[in-house]
Enquirer: 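What follows is a structure written as structure tokens; I'll ask about it next.
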Amino acid sequence: MDSSHQIIVAADVIGSGSEQAMLLPMIEQSEPYREAHTLITADAGYHSDANVKHLRDNNIAALIADNQMRSRDERFAEQGKHKQKPDPLYDKQATGESKPTKRFRPKDFRFNDDNTATCPAGQLMTSPGSIHTTATGLQYQTYTAKAADCNACKLSSQCLKGTLKPNDGRGRQVTRFESKPHGPSERMRQAIDSPKGRQLYSQRIGTVEPVFANIRHNKRLTRLNHRGRTKVNTQWNLYCMVHNIEKLAKTDLGQRNPR
């Protein structure tokens, strides 16, 4: 939908939990309504390296969030305190029993320049220096601690899974993934993290979410009443059309080019 009047310009349904495959079809549908200055924004559900590369190759101005965007934004540093607390009756833990501590993650380790890493306890971990590559082209390096260091460590309960003991002569292993500093996705992250990018992307939630609220709350579309993609798509587009008629009736857009 457009940000000026919240009019839906593209709509479709997909029988999948992933939204990545819908980004390019939605952009194609909206092409007749886009202008030279149009900026496309989409949430992290639509982000993929292939989508970002397609946008770059076709010179389509866009800001597509990634899953780590908010973790990099200092404005969300204390967002946890505003989240709803879990139901205390749902906690099945025995009274007086201490809650399990969170396991150390790769971000808790310090990686050095000489094929070594330092664990949260200050012990040295080593790597043979081999660089491996995933099927998607992402490079990574693995570091391993000494079994003796892990056995004597007071923080082992936060580092080793369950009752795991390094009896095979190895201690904790941690993998460091290398980022792609010159790839399209990295450039997209830099753009969306910039002050201008944050200001532009912040308008997305005020554009699209009120439309969903109108259709679900005011129009009572809390569930789809049909089965099969064709029927579901028809029902969804009918509700989108009713939403657009309502919006057009409140603006002068419907009078500009009567047909």
Side-chain angles (χ1 to χ4, degrees), residues 1-48 51-52 54-55 58-67 69-70 73 75-76 79 82-84 188 191-192 194-259:
M1 59 283 303
D2 78 306
S3 60
S4 298
H5 304 92
Q6 293 182 337
I7 292 177
I8 300 172
V9 298
D12 204 346
V13 297
I14 183 173
S16 171
S18 173
E19 300 171 316
Q20 294 177 354
M22 291 299 293
L23 178 65
L24 301 183
M26 288 293 96
I27 292 177
E28 184 178 353
Q29 279 193 38
S30 66
E31 184 175 1
Y33 310 99
R34 299 204 313 266
E35 299 178 354
H37 63 273
T38 299
L39 174 70
I40 294 173
T41 59
D43 64 25
Y46 296 92
H47 186 281
S48 72
N51 284 345
V52 174
H54 178 90
L55 295 173
N58 291 273
N59 296 319
I60 300 175
L63 287 174
I64 314 298
D66 60 274
N67 291 327
M69 183 193 71
R70 289 196 173 188
D73 192 336
R75 296 174 299 176
F76 294 95
Q79 64 174 329
H82 301 292
K83 292 184 178 179
Q84 184 178 3
M188 178 67 75
I192 208 168
S194 67
K196 183 65 173 178
R198 288 178 177 178
Q199 186 270 327
L200 292 171
Y201 183 80
S202 65
Q203 300 175 34
R204 185 203 67 84
I205 192 170
T207 299
V208 63
E209 300 303 338
V211 176
F212 285 121
N214 180 41
I215 293 176
R216 180 167 183 172
H217 179 75
N218 296 333
K219 304 299 182 289
R220 309 294 188 192
L221 184 63
T222 56
R223 61 175 296 172
L224 296 164
N225 306 110
H226 300 277
R227 295 296 179 266
R229 180 170 181 177
T230 300
K231 293 181 179 179
V232 170
N233 199 30
T234 299
Q235 182 181 11
W236 175 239
N237 276 274
L238 282 172
Y239 272 85
C240 292
M241 182 175 64
V242 171
H243 167 86
N244 281 351
I245 291 173
E246 182 182 54
K247 288 292 183 179
L248 288 168
K250 296 179 180 179
T251 68
D252 63 343
L253 293 177
Q255 305 298 324
R256 294 181 181 178
N257 188 20
R259 294 180 181 178

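The model shown is predicted, which means the values in this text are computed figures rather than measured ones. All residue numbers in this chain count up from 1 along the given sequence.
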Enquirer: Quiz question: by atom type and distance under 3.5 Å, do the side chains of Glu246 and Asn218 form a donor-acceptor pair?
Expert: no
Enquirer: Does the side chain of Ile215 come within less than 4.5 Å of Trp236's, by heavy atoms?
Expert: yes
Enquirer: State whether the number of non-hydrogen atoms from other residues, nucleotides or ligands found under 6.0 Å of Ile14 atom CD1 is greater than 12.
Expert: yes
Enquirer: Let me see the working for Met188 and Ile64 under side-chain contact (heavy atoms from CB on, under 4.5 Å), right down to the final yes or no.
Expert: CA-CA 7 Å; Met188 178 67 75; Ile64 314 298; 4.1 Å; yes
Enquirer: With a cut-off of 6.0 Å (strictly less than), are more than 12 heavy atoms of other residues, nucleotides or ligands near CZ of Arg229?
Expert: yes
Enquirer: Given 3.5 Å as the limit, does a donor-acceptor pair link the side chain of Gln20 with the main chain of His47, or not?
Expert: yes
Enquirer: Between Pro210 and Ile205, which heavy-atom pair has the shortest distance, and what is it?
Expert: CD-O, 3.4 Å
Enquirer: Assess the residue pair Leu39 and Leu63 against the criterion (side-chain contact (heavy atoms from CB on, under 4.5 Å)); give the C-alpha distance rounded to whole Å, side-chain angles, the decisive distance to 0.1 Å, and a yes or no.
Expert: CA-CA 7 Å; Leu39 174 70; Leu63 287 174; 4.0 Å; yes
Enquirer: So for atom NZ, which belongs to Lys231, do other residues, nucleotides or ligands contribute more than 12 heavy atoms lying within a distance under 6.0 Å?
Expert: no
Enquirer: Could you check if a side-chain atom of Ile40 sits within less than 4.5 angstrom of a side-chain atom of Ile60, using non-hydrogen atoms only?
Expert: yes
Enquirer: Measuring from atom CG of Asn244 to atom CG of Leu248, what distance do you get when rounded to the nearest 0.5 angstrom?
Expert: 6.0 Å
Enquirer: Out of curiosity, Met69 CE to Tyr201 OH, how far, rounded to the nearest 0.5 Å?
Expert: 5.0 Å
Enquirer: Could you grab the distance from atom OG of Ser194 to atom CD of Gln199, nearest 0.5 Å is fine?
Expert: 10.0 Å
Enquirer: Please check if the side chain of Gln6 supplies one atom and the backbone of Met1 the other of a donor-acceptor pair under 3.5 Å.
Expert: no
Enquirer: Just so I know, are the side chains of Leu221 and Val242 near enough to count as touching, which here means a heavy-atom distance under 4.5 Å?
Expert: no
Enquirer: Atom CG in Leu24, atom CG in Leu55: separation rounded to 0.5 Å?
Expert: 6.5 Å
Enquirer: Is the CD atom of Glu28 crowded by more than 12 outside heavy atoms at less than 6.0 Å?
Expert: no
Enquirer: Donor-acceptor pair, Asp12 side chain versus Met22 backbone, under 3.5 Å?
Expert: no
Enquirer: Identify the two heavy atoms, one from Val211 and one from Thr207, that lie closest to each other, and give their separation to 0.1 Å.
Expert: CG2-O, 3.5 Å
Enquirer: Suppose we screen for side chain to side chain contact (heavy atoms under 4.5 Å, CB included). Which residues come up paired with Arg227, at least two apart in sequence or across chains?
Expert: Arg223
Enquirer: For residues 34-44, pull every pair meeting salt bridge (Lys or Arg N to Asp or Glu O under 4.0 Å), keeping only residues two or more places apart or in separate chains.
Expert: none
Enquirer: Within the 4.5 Å heavy-atom criterion, are Lys219 and Asn214 side-chain neighbours or not?
Expert: yes
Enquirer: Atom OG in Ser30, atom CD1 in Ile8: separation rounded to 0.5 Å?
Expert: 13.0 Å
Enquirer: Do the side chain of Asp2 and the main chain of Ile7 share a donor and acceptor less than 3.5 angstrom apart?
Expert: yes
Enquirer: Under 3.5 Å, is there a donor-acceptor pair linking the side chains of Gln235 and Asn225?
Expert: yes
Enquirer: Which distance, rounded to the nearest 0.5 Å, do you find between the CG of Asp73 and the CD1 of Ile192?
Expert: 10.0 Å
Enquirer: Less than 4.5 Å apart, side chain to side chain, heavy atoms only: is that true for His54 and Leu23?
Expert: no
